[in-house]
Trainee: 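Shown below is the structure under consideration.
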Amino acid sequence: MALTGRAALLAALGSVPIGIWDPGWTGILAVNAPLAAACAWDFALAAPVRRLRLSRSGDTSTRLGDTADVTLTVTNPSSRPLRAHLRDAWAPSSWQPGTETAASRHGVTVPAGERRRVTTRLRPIRRGDRQADRVTIRSYGPLGLFARQGTHKVPWTVRVLPPFTSRKHLPSKLSRLRELDGRTSVLTRGEGTEFDSLREYVPGDDTRSIDWRATARHSTVAVRTWRPERDRHIMIVLDTGRTSAGRVGDAPRLDASMDAALLLAALASRAGDRVDLLAYDRRVRALVQGRTAGDVLPSLVNTMAALEPELVETDARGLTATALRSAPRRSLLVLFTTLDAAPVEEGLLPVLPQLTQRHTVLLASVADPYIARMAKARGDTEGVYEAAAAAQAQAERHRTAGQLRRHGVTVVDATPDELAPALADAYLELKTAGRL
């Protein structure tokens, strides 16, 4: 039980000498019987908190940066009306800093035998599962002098999904895919593609696509059109080790990798390819396999929501062995990891031949845009030193990328904003060249 309205009560007792009420509330109530009776009456009319019935409904998922509305239904089975202040507590990361108090506190009045709903609007700032903590209710009497207080556990979970900001690039990449797929007038031919149909030659077509037999039967030059092969297998591998925890801008490198992986998955599934996901550091953190084209993107988004970087060194041998088991036939292996020299040279390079012998390997790495800004610094001694340090860092990344390319690996090294479209372009180029 909590005492409230003390300031109002002391104001009401302003005519009582300080010596009488200084010892505490007992003295106050002893000399002011009408007020004591009012307080007792106020307390008796406050609705009991423990008998309240609470339930939840509303959103169970939202994208990072969006809002989620969770409704709390308060049922008052008692014979007294409920006049209360309510706090719906969630994890601190469920709101923007400084907005938790206004978003989680509600005033509610529930007549006897009725129910009312209050809605808490969450705006999470981190991916993952946000759990409801507890609901604290302070029930007041008619005068607001006394209150009953209690808590209820009302479980609810809101899963915060990756924002997938790179989906804005999907229409342009799909347009290029349609060109490759023979649905527009711009058609390409690549080794390993499937013959589709014949059409009239237009300037700029590859002369190797001319069908001379068909041309002899017609009055115009006929060329073959080709469509890229379908039903290829794409294995996306997320390195969730310590290097993925490094922050680039406002988010870890892992988040930028996820965003690029989602764009690639959406594009590849539209191209008729099968997409799987493996997340690994020293053990398997997530594995998504065998999803249909319509289900693969929701499955990846839901699985990625709970992934967090682990502060351990990635076991490259274990990652390689797991990837080979998960992709038994020839596939495009898209590995999201670092281009830092030490992890690549000591961990990845020794086991890389096992991957490239069986699969086409594409490595995607998140570059720090701050390094590029440092490289352009000039004007004073500090700026020159920053530019020199940035140039050295960039040279090391280029050297590491060159080592990987000599092993037959396609490397995409780009900043978070540029990684997703650059990776999609690399996939389409492999598709065009018939390397899938």
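Starting from 1, each residue takes its place in the sequence as its number.
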Trainee: Tell me, with the steps shown, if Asp129 and Thr157 meet side-chain hydrogen bond (donor to acceptor under 3.5 Å, both in side chains).
Mentor: CA-CA 6 Å; Asp129 292 335; Thr157 301; over 6 Å; no
Trainee: Are side-chain heavy atoms of Ile234 and Tyr427 found at a separation under 4.5 Å?
Mentor: yes
Trainee: Looking only at side chains, do Thr119 and Asp69 share a donor and an acceptor under 3.5 Å apart?
Mentor: no
Trainee: I need the full list of salt bridge (Lys or Arg N to Asp or Glu O under 4.0 Å) pairs touching residues 46-60, with sequence neighbours left out, sorted by first then second residue.
Mentor: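 Checked against salt bridge (Lys or Arg N to Asp or Glu O under 4.0 Å) - neighbours excluded - the pairs reaching residues 46-60 are Arg56-Asp88.
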Trainee: To the closest 0.5 Å, what do you measure between CZ (Arg176) and OG1 (Thr432)?
Mentor: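 Result: 5.5 Å between the selected atoms.
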Trainee: Let me see the working for Arg397 and Ser365 under side-chain hydrogen bond (donor to acceptor under 3.5 Å, both in side chains), right down to the final yes or no.
Mentor: CA-CA 10 Å; Arg397 290 180 71 88; Ser365 184; 3.1 Å; yes
Trainee: Name each donor-acceptor pair under 3.5 Å that joins a side chain in residues 281-290 to protein atoms two or more places apart or in another chain, with its distance.
Mentor:
from, atom 1, to, atom 2, distance (Å)
Asp281, OD1, Arg285, NE, 3.2
Asp281, OD1, Arg285, NH2, 3.1
Asp281, OD2, Thr240, OG1, 2.6
Asp281, OD2, Arg285, NE, 2.8
Arg282, NH1, Glu313, O, 2.7
Gln289, NE2, Ser326, O, 3.2

Trainee: Is it true that, when you exclude Arg167 itself, more than 12 heavy atoms of the residues, nucleotides or ligands shown sit nearer than 6.0 Å to its CZ?
Mentor: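 Count over threshold, so yes.
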Trainee: Look only at the side chain of Asp368 and the backbone of Tyr370, and say whether a donor-acceptor pair between them is shorter than 3.5 Å.
Mentor: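 The answer is yes, because a donor-acceptor pair under 3.5 Å joins these two groups.
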Trainee: Give, for atom CD1 of Ile137 and atom NE2 of His152, the distance between the pair rounded to the nearest 0.5 Å.
Mentor: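 If I round to the nearest 0.5 Å, the distance is 5.0 Å.
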Trainee: A side-chain contact here means heavy atoms from C-beta on lying under 4.5 Å apart; do Leu332 and Asp273 qualify?
Mentor: no
Trainee: Can you measure from CD (Glu386) to CD1 (Ile371) and round to the nearest 0.5 angstrom?
Mentor: 9.5 Å
Trainee: Pairing donors with acceptors under 3.5 angstrom, does anything connect the side chains of Ser299 and Arg291?
Mentor: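 There is such a pair between these side chains.
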Trainee: Can you tell me how far apart CG (Leu122) and OG (Ser94) are? Round to the nearest 0.5 Å.
Mentor: 5.5 Å
Trainee: For residues Arg116 and Thr109, is any side-chain donor paired with an opposing acceptor at under 3.5 Å?
Mentor: no
Trainee: When you look at CD of Gln96, are more than 12 heavy atoms from neighbouring residues, nucleotides or ligands closer to it than 6.0 Å?
Mentor: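 Atom CD in Gln96 is packed in, count exceeds 12.
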Trainee: Decide yes or no for Leu263 and Phe164: does some side-chain heavy atom of the first lie under 4.5 Å from some side-chain heavy atom of the second?
Mentor: yes
Trainee: Any side-chain heavy atom of Val296 within less than 4.5 Å of one from Leu300?
Mentor: yes
Trainee: Side chains of Pro416 and Pro369: closer than 4.5 Å at any heavy-atom pair?
Mentor: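 They are in contact (side-chain heavy atoms under 4.5 Å apart), so the answer is yes.
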Trainee: In Å and rounded to the nearest 0.5 Å, what is the OG1 to CG distance from Thr400 to Leu348?
Mentor: 10.5 Å
Trainee: Checking Arg123 side chain against Thr67 main chain: does a donor-acceptor pair fall under 3.5 Å?
Mentor: no
Trainee: Heavy atoms only: give me the nearest Val301-Pro162 pair and the separation to one decimal.
Mentor: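 Closest approach of Val301 to Pro162, heavy atoms only: O-CD, 3.5 Å.
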Trainee: I'd like to check Leu363 versus Leu339 (side-chain heavy atoms, cut-off strictly below 4.5 Å). Are they in contact?
Mentor: yes
Trainee: Is the count of non-hydrogen atoms from other residues, nucleotides or ligands lying under 6.0 Å from Asp250 atom CG greater than 12?
Mentor: no
Trainee: Apply the side-chain hydrogen bond (donor to acceptor under 3.5 Å, both in side chains) test between Asp255 and each candidate in Arg247, Arg127, Arg126; give the one that qualifies.
Mentor: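 Between Asp255 and the candidates, side-chain hydrogen bond (donor to acceptor under 3.5 Å, both in side chains) is satisfied uniquely by Arg127.
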Trainee: Where is the tightest heavy-atom contact between Leu324 and Gln354, given as atom of each residue plus distance?
Mentor: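 Heavy-atom minimum between the residues: CD2-O, 3.9 Å.
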Trainee: Looking at Asp425 and Lys173, is any side-chain nitrogen of the basic one under 4.0 Å from a carboxylate oxygen of the acidic one?
Mentor: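 A salt bridge links Lys173 with Asp425.
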Trainee: Taking side chain to side chain contact (heavy atoms under 4.5 Å, CB included) as the definition, give me every residue that meets it alongside Asp133, ordered by chain and number, with sequence neighbours left out.
Mentor: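 Partners of Asp133 under the side chain to side chain contact (heavy atoms under 4.5 Å, CB included) test: Ala89, Lys153.
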Trainee: State, with a plain yes or no, whether a side-chain heavy atom of Thr337 is found less than 4.5 Å away from one of Pro343.
Mentor: no
Trainee: Between Ser244 and Gly241, which heavy-atom pair has the shortest distance, and what is it?
Mentor: OG-O, 2.6 Å
Trainee: If only atom types and distance count, is the side chain of Arg330 paired as donor or acceptor with the main-chain N or O of Arg358 below 3.5 Å?
Mentor: yes
Trainee: Pick one: which of Arg105, Arg87, Arg121 meets salt bridge (Lys or Arg N to Asp or Glu O under 4.0 Å) with Glu100?
Mentor: Arg87
Trainee: Do Leu404 and His407 touch side chain to side chain, with heavy atoms closer than 4.5 Å?
Mentor: no
Trainee: Should the heavy atoms of other residues, nucleotides or ligands under 6.0 Å from CZ of Arg63 be counted, would the total exceed 12?
Mentor: yes
Trainee: As an exercise, state the distance from OH of Tyr280 to CG of Leu238, rounded to the nearest 0.5 Å.
Mentor: 14.5 Å
Trainee: Test your reading of the model: is there a side-chain donor-acceptor pair from Ser78 to the backbone of Ala47, 3.5 Å cut-off?
Mentor: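 No, because the side chain of Ser78 does not come within donor-acceptor range (under 3.5 Å) of the backbone of Ala47.
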